[in-house]
Protein chains: 2
Amino acid sequence: MINVTIIEDDEDIRKSLAILVNGTAGFECINCYSDCESAIAEIESDPPDVILMDIGLPGMSGIEGMRIIKNKLPEIDILILTVHEDNQRVFEALCAGACGYLIKDTQPGKLLDAIQEVRCGGAPMSSKIARMVVNSFKINPHEELTNRETEVLSQLCKGKSYKMIADTLFISEETVRRHIKNIYKKLQVGSKSEAVAKALKERLVST
Amino acid sequence: MINVTIIEDDEDIRKSLAILVNGTAGFECINCYSDCESAIAEIESDPPDVILMDIGLPGMSGIEGMRIIKNKLPEIDILILTVHEDNQRVFEALCAGACGYLIKDTQPGKLLDAIQEVRCGGAPMSSKIARMVVNSFKINPHEELTNRETEVLSQLCKGKSYKMIADTLFISEETVRRHIKNIYKKLQVGSKSEAVAKALKERLVST
DNA sequence: AAATCAATAACCCGAATGGGGCATATTTAT
DNA sequence: ATAAATATGCCCCATTCGGGTTATTGATTT
């Protein structure tokens, strides 16, 4: 038996979800909330296995609410159920600890599968979301950088100093300095830490 | 009709896969290879829509082969089919441009679904893999760092200088230096770029 | 043949960074 | 109440870094 709690502000959707969950053997909806604040207040006294959660809620956002809930009860699996498929929200949700991310037009059967799946150690995602997530790993070399510059940038991302890079690449420290100056110009940054931050965030080099 | 190419060194598996694919309406296996080298040599003359690919191949590894193939023909979707579920290989494959990652005990029906799915813009993954991928986004604060230190580290990861951090946090530059010294000791690093690299790679801060 | 780009290397100089020690509130835990 | 942890601040000093300028060599392109 999987105990489910629903957090969703739209009453129609909330009720439909509850009916779907309660109408299926092996699933039970033990609580419904229309906002995070009330969910947070009560959740510890009656913790579910899985939370189905909207993001666009009145008051505290689902993302923020998720952080708080995950902090209190880390073992709960939280499944996001929303209309938002924009990069920022998806990745914010995952960073905050969501275990899955479904868009609202998911078929009822698939939704139940997803709840099952998340309990079995999976991470159900809608197709488009899964592709976004997978694509976010892909290396994206900056096309202005030359091969040598990319090599140097990669060394920078290991936290190396000019001197260490020079020794690794068998060139003089001055040449390293030159490459780094060019990298800064092309990436429009002005320091090692800025360059490393940009390179890692935008996956300009293979880690 | 989805055209599939298989790269797999085990003859039994290769033939079974080909039979499965060819025996299903809407799918056709147009080529089979037992190693990347031969696949790379011929692939451009007969490009498929999807490649089913093993990782542990004789000669060139599947990862390396994938890089080369993706470079020649970026529009091909590559589905990894392997027994390896270790972190390193999974993430290397995704960084090299894999669109999906299935383990070899996947049911034949699910495998065909996955091929379909990848062609429709999805990214099919086995449960465990999907969870690994999703978990890799989760913020993982370093437990030794104090709140203030985490705040400072987060500023470092934006590429800020001591002075800029001081202005942002309304403290003196000297205090910023103090916090950073403590951060270095706890993270066992010795420079801003090293700290930023470690923090971003290990997701010690929210980006 | 001329021109452009990539990679190499050097010099100067001032600003930023990193390591050491020291000190004092403030908060938290015992 | 006292001890420990945290956040704040300052000093000294050596090293690293970042910006500017210039130059040579080889490869690629026009």
Side-chain angles (χ1 to χ4, degrees), chain A residues 68 71-72 139-202 204-206, chain B residues 67 71-72 139-202 204-206:
Chain A
I68 295 171
N71 211 34
K72 288 175 187 267
I139 301 304
N140 218 281
H142 191 106
E143 68 290 324
E144 287 180 54
L145 294 181
T146 68
N147 290 341
R148 200 53 156 169
E149 284 160 1
T150 304
E151 238 175 310
V152 171
L153 182 57
S154 164
Q155 293 291 316
L156 281 185
C157 291
K158 296 195 169 103
K160 304 264 192 83
S161 67
Y162 289 9
K163 176 149 190 48
M164 291 162 81
I165 297 174
D167 291 346
T168 304
L169 301 183
F170 304 108
I171 54 181
S172 92
E173 212 175 313
E174 283 301 322
T175 304
V176 174
R177 280 163 46 63
R178 169 110 308 278
H179 287 311
I180 289 181
K181 279 184 223 187
N182 290 333
I183 291 169
Y184 287 177
K185 199 162 273 168
K186 292 176 182 178
L187 298 191
Q188 301 194 279
V189 297
S191 70
K192 291 210 299 180
S193 57
E194 234 185 315
V196 170
K198 184 157 193 169
L200 292 179
K201 286 174 185 171
E202 300 182 12
L204 306 180
V205 300
S206 48
Chain B
R67 282 202 194 92
N71 211 33
K72 287 174 186 266
I139 300 304
N140 217 278
H142 191 107
E143 66 292 319
E144 286 181 55
L145 294 181
T146 67
N147 290 340
R148 199 54 157 171
E149 284 161 1
T150 304
E151 239 175 310
V152 170
L153 181 58
S154 164
Q155 293 292 316
L156 282 184
C157 291
K158 298 196 168 101
K160 305 264 192 83
S161 67
Y162 288 10
K163 176 149 191 44
M164 291 162 82
I165 297 174
D167 290 348
T168 305
L169 301 183
F170 304 108
I171 53 181
S172 92
E173 213 175 311
E174 281 301 324
T175 304
V176 173
R177 277 164 45 63
R178 170 90 273 136
H179 286 311
I180 289 180
K181 278 183 225 184
N182 292 333
I183 291 169
Y184 287 177
K185 199 161 274 167
K186 292 176 182 177
L187 298 190
Q188 301 193 277
V189 298
S191 70
K192 290 211 298 180
S193 58
E194 229 185 320
V196 169
K198 183 155 194 172
L200 293 179
K201 286 174 185 171
E202 301 183 12
L204 306 180
V205 299
S206 48

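The sequence lines fix the lettering, A, B, ..., with proteins before strands; numbering per chain opens at 1. Below, each value reflects all heavy atoms present in this structure, side chains not excepted, and no hydrogens, waters or symmetry copies. As the structure is a prediction and not an experimental result, all values here were calculated from the model.
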**Request:** Take the protein atom CD1 of B:I180 and the nucleotide atom P of D:dA7, then report the distance between them rounded to whole Å.
**Result:** 14 Å

**Request:** Please test A:Y184 against A:K192 for side chain to side chain contact (heavy atoms under 4.5 Å, CB included), starting from the C-alpha separation and ending with a verdict.
**Result:** CA-CA 9 Å; A:Y184 287 177; A:K192 291 210 299 180; 3.2 Å; yes

**Partner of A:E149 by side-chain hydrogen bond (donor to acceptor under 3.5 Å, both in side chains), out of A:K186, A:H179, A:H142** = A:K186

**Message:** Between B:T175 and D:dT8, is there a contact of a side-chain N or O with OP1 or OP2 at under 4.0 Å?
**Reply:** no

**Message:** Looking at C:dA15, I'd like to know if its phosphate oxygens (OP1 or OP2) sit under 4.0 Å from a side-chain N or O belonging to B:Y162.
**Reply:** no

**Request:** In whole angstrom, give the distance that lies between atom NE2 of A:H179 and atom C1' of D:dC17.
**Result:** 17 Å

**Atom-pair distance (CD1 on B:I183; C1' on C:dG18), nearest Å** = 13 Å

**Request:** Quickly work out the A:N147 CG to C:dC5 P distance and round it to whole Å.
**Result:** 16 Å

**Prompt:** Can you find a side chain N or O atom of B:Y184 that sits less than 4.0 Å from OP1 or OP2 on C:dG19?
**Reply:** no

**Message:** With a 4.0 Å limit, can you tell me whether B:S172 has a side-chain N or O closer than that to the phosphate oxygens OP1/OP2 of D:dG9?
**Reply:** yes

**Message:** So if I take every side-chain heavy atom of B:K181 and compare against D:dG19, D:dG9, C:dG21, which nucleotide ends up nearest?
**Reply:** C:dG21

**Prompt:** How about B:L169 and B:V176: do any of their side-chain heavy atoms sit closer than 4.5 Å?
**Reply:** no

**Stepwise side chain to side chain contact (heavy atoms under 4.5 Å, CB included) test for A:L153 and A:L187** = CA-CA 11 Å; A:L153 182 57; A:L187 298 191; 4.2 Å; yes

**Asked** For the helix from C:dA1-D:dT30 to C:dT30-D:dA1, what is the angle between the axes at its two ends, each from 5 pairs, rounded to 10°?
**Response** 60°

**Prompt:** Can you find a donor-acceptor N/O pair under 3.5 angstrom joining the side chain of B:K192 to the base of C:dG18?
**Reply:** no

**Request:** Have a look at A:S161 and say if it touches a base, only the backbone sugar-phosphate, or nothing, with a 4.0 Å heavy-atom cut-off.
**Result:** sugar-phosphate

**Complete:** By nearest-heavy-atom nucleotide on DNA chain D, the more 5' of A:S193 and B:V176 is B:V176

**Message:** Between D:dG9 and B:R177, counting only base atoms on the nucleotide and side-chain atoms on the residue, is there a donor-acceptor pair under 3.5 Å?
**Reply:** no

**Prompt:** Separation of B:E174 atom CD from C:dT24 atom C1', in whole Å?
**Reply:** 15 Å

**Nucleotide D:dA7, atom C1' - distance to CG of B:L169 in whole Å** = 12 Å

**Request:** Would you state whether a donor and an acceptor, one from the side chain of A:R178 and one from the base of D:dG18, lie under 3.5 Å apart?
**Result:** no

**Exceeds 12 heavy-atom contacts within 6.0 angstrom, atom NZ of A:K163** = no

**Request:** Evaluate side chain to side chain contact (heavy atoms under 4.5 Å, CB included) for B:N140 paired with B:E202, printing each intermediate quantity in order.
**Result:** CA-CA 7 Å; B:N140 217 278; B:E202 301 183 12; over 6 Å; no

**Asked** About how many Å separate CD of A:E151 and CD1 of A:I183, when rounded to the nearest 0.5 Å?
**Response** 10.5 Å

**Message:** When you measure from the side-chain N and O atoms of B:R148 to the phosphate of D:dT8, is any distance below 4.0 Å, counting only OP1 and OP2?
**Reply:** yes

**From B:L156 atom CG to B:K198 atom NZ, the distance as rounded to the nearest 0.5 Å** = 14.5 Å

**Prompt:** For D:dA7, does OP1 or OP2 lie under 4.0 Å from any side-chain N or O of B:T146?
**Reply:** yes

**Prompt:** Taking atom P of C:dC11 as reference, at what distance in whole Å does atom CD of A:E173 sit?
**Reply:** 12 Å

**Fill in**
Taken to the nearest whole Å, CG/A:N182 to P/D:dG20 is 12 Å

